[in-house]
Amino acid sequence: MSNLLNAEFYKLRKSRGIYIGVLASAALVLMIYGSLVMVDKINQGVLENGTGGIVVSPVASSAEDGSAPESMLKQVGVIGVLQQMFGGHFVGIIAAILVSIFVIREFSSGMIKNLVGKGYPRPAIFLAKMISAIVLVLVFEVAVAAVSILLGIPFLRWEEFSATPWEDVAVYVGLQLLFGAVIAAIFVLAGELTRNLAAGISVSIGVLLFSTTLTAGLDLIFHGIARKPSEYWVLDLVSVCPLTDVPSEFIQRSVLVSAAWFVITLALGILHFRKADVK
């Protein structure tokens with residue numbers, strides 16, 4: 001098992017995909033901050049409404065004397081940008097592509113076949129691949145969170161930046177990393193089942209974007225029960241994760257739900273990989 005993990009981590013270190021993913025995420029973060037700056041300038045009358053395709057609805061003044069409304073950039077802040085990146089599935093989509101490439105290219109290149117031929121147990125091969133994919137996603141998400149926070153310095157004044165509720169930021173990012181580990185495992189399962197790059201990416205992104213629609217429908221069907229099905233699906237937890245004052249009940253449920261889905265995903269992946277042919 002240690003040899004398998006060493007080989008996987010070596011491939012991770014040599015991979016350039018994570019750097020490309022972080023650069024793409026940094027561009028998205030810049031777009032979010034830039035859009036907020038433009039909204040503020042439109043509200044202040046510096047720019048015309050509709051500049052850059054941004055249309056701002058009229059906002060009532062924050063005071064009776066007709067003063068300008070409160071800065072949208074200040075209202076959203078660093079933690080709001082983090083929510084856009086994680087809760088808006090920007091990070092998840094890039095992670096789906098990274099994991100799919102990392103997993104499926106092993107099948108197309110014949111690497112998995114070589115490992116099986118050398119006598120490595122199939123469960124160990126699958127587990128090593130899943131662990132390395134989780135590490136890949138966690139490193140990527142930590143990098144995205146760091147970029148999102150650091151880019152807040154030039155856009156926000158230091159007083160506003162330093163006033164960010166950092167404890168809430170730490171809890172929010174920590175929960176997103178927990179969810180990210182489980183989502184990475186789900187992407188690995190999708191890649192193992194499809195073994196085709198286009199299909200693997202499509203299935204992973206489809207699960208990311210449309211599974212919450214399914215759980216919303218289940219909520220309507222089972223509206224009479226005390227707990228909604230969406231409360232036990234990890235991708236719904238990603239979207240509804242509170243930004244501040246996170247209840248302890250939500251944290252406990254997040255840990256239990258994440259652990260349950262990780263075990264389910266790992267079991268399904270090992271079961272299928274043991275039975276399926278490796279070409």
Please check this pair: side chain of [X] against backbone of [Y], looking for a donor-acceptor N/O pair closer than 3.5 Å.
X	Y	answer
Ser258	Val255	no
Ser204	Ile201	no
Trp261	Ile183	no
Ser15	Leu12	no

**OP:** Give a yes or no on whether Glu167 atom CD has more than 12 heavy-atom contacts from other residues, nucleotides or ligands under 6.0 Å away.
**Re:**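 No.
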Subject >> Positive for side chain to side chain contact (heavy atoms under 4.5 Å, CB included) with Val137, one of Ile18, Leu177, Val99, Val188 >> reply: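 So the option named by the test is Val99.
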Can you check whether [X] reaches [Y] side chain to side chain, under 4.5 Å on heavy atoms?
X	Y	result
His272	Leu193	yes
Phe179	Val182	no
Phe250	Val240	yes
Glu192	Phe187	no
Trp233	Leu237	no
Val234	Ile186	yes

Quick one: closest heavy-atom pair of [X] and [Y], and the distance?
X	Y	result
Phe262	Ala185	CD1-CB, 4.0 Å
Thr194	Gly200	OG1-CA, 3.3 Å
Ile134	Ala181	CG1-O, 3.5 Å
Leu189	Leu268	CD1-C, 4.1 Å
Arg195	Ile104	C-CG2, 3.7 Å
Trp166	Phe161	CZ2-O, 3.4 Å

All N/O donor-acceptor pairs, side-chain side in residues 144-158, below 3.5 Å, sequence neighbours left out:
unit_1, atom_1, unit_2, atom_2, d
Ser148, OG, Val144, O, 2.8
Arg157, NH2, Glu160, OE2, 3.1

Original post:
Will you find, in the side chains of Thr212 and Asp236, an N or O donor that is under 3.5 Å from an N or O acceptor?
Top reply: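 Their side chains do not contain a donor-acceptor pair, so the 3.5 Å distance test is not met.
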Original post:
Are Ser230 and Asp219 close enough that a side-chain donor and a side-chain acceptor fall under 3.5 Å?
Top reply: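 There is such a pair between these side chains.
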Listing, residues 83-98 side-chain donor-acceptor contacts under 3.5 Å, not counting sequence neighbours, or none:
none

Subject >> Derivation of the side chain to side chain contact (heavy atoms under 4.5 Å, CB included) call for Val246 and Tyr172 >> reply: CA-CA 8 Å; Val246 182; Tyr172 182 80; 6.0 Å; no
Original post:
Got a second to check how far Leu127's CG is from Ile125's CD1, nearest 0.5 Å?
Top reply: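 Rounded to the nearest 0.5 Å, the CG-CD1 separation comes out at 11.0 Å.
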Subject >> Spacing of CG belonging to Leu136 relative to CD belonging to Glu8, to within rounding of 0.5 Å >> reply: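 Taking CG in Leu136 and CD in Glu8, the distance rounds to 11.0 Å.
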Going hydrophobic residue to hydrophobic residue with side-chain gaps under 4.5 angstrom, can you get from [X] over to [Y]?
X	Y	result
Ile101	Tyr19	yes
Leu256	Leu266	no
Val22	Ile20	no
Leu271	Phe126	no
Val135	Tyr10	no

Original post:
Is Lys129 close enough and on-axis enough to Phe273, meaning under 6.0 Å and within 45°, for cation-pi?
Top reply: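 Judged by the rule, Lys129 and Phe273 form no cation-pi pair.
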Original post:
Less than 4.0 Å between a side-chain N and a carboxylate O, is that true for Lys11 and Glu106?
Top reply: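 The answer is yes: the pair qualifies as a salt bridge.
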Subject >> salt bridge (charged side-chain N to carboxylate O under 4.0 Å, His left out): pairs with one or both residues in residues 243-265, sequence neighbours excluded >> reply: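 Those involving residues 243-265 are Arg227-Glu249, Glu249-Arg253.
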**OP:** Check the pair Thr265 / Met130 against side chain to side chain contact (heavy atoms under 4.5 Å, CB included), numbers first and verdict last.
**Re:** CA-CA 10 Å; Thr265 303; Met130 180 172 284; 4.1 Å; yes
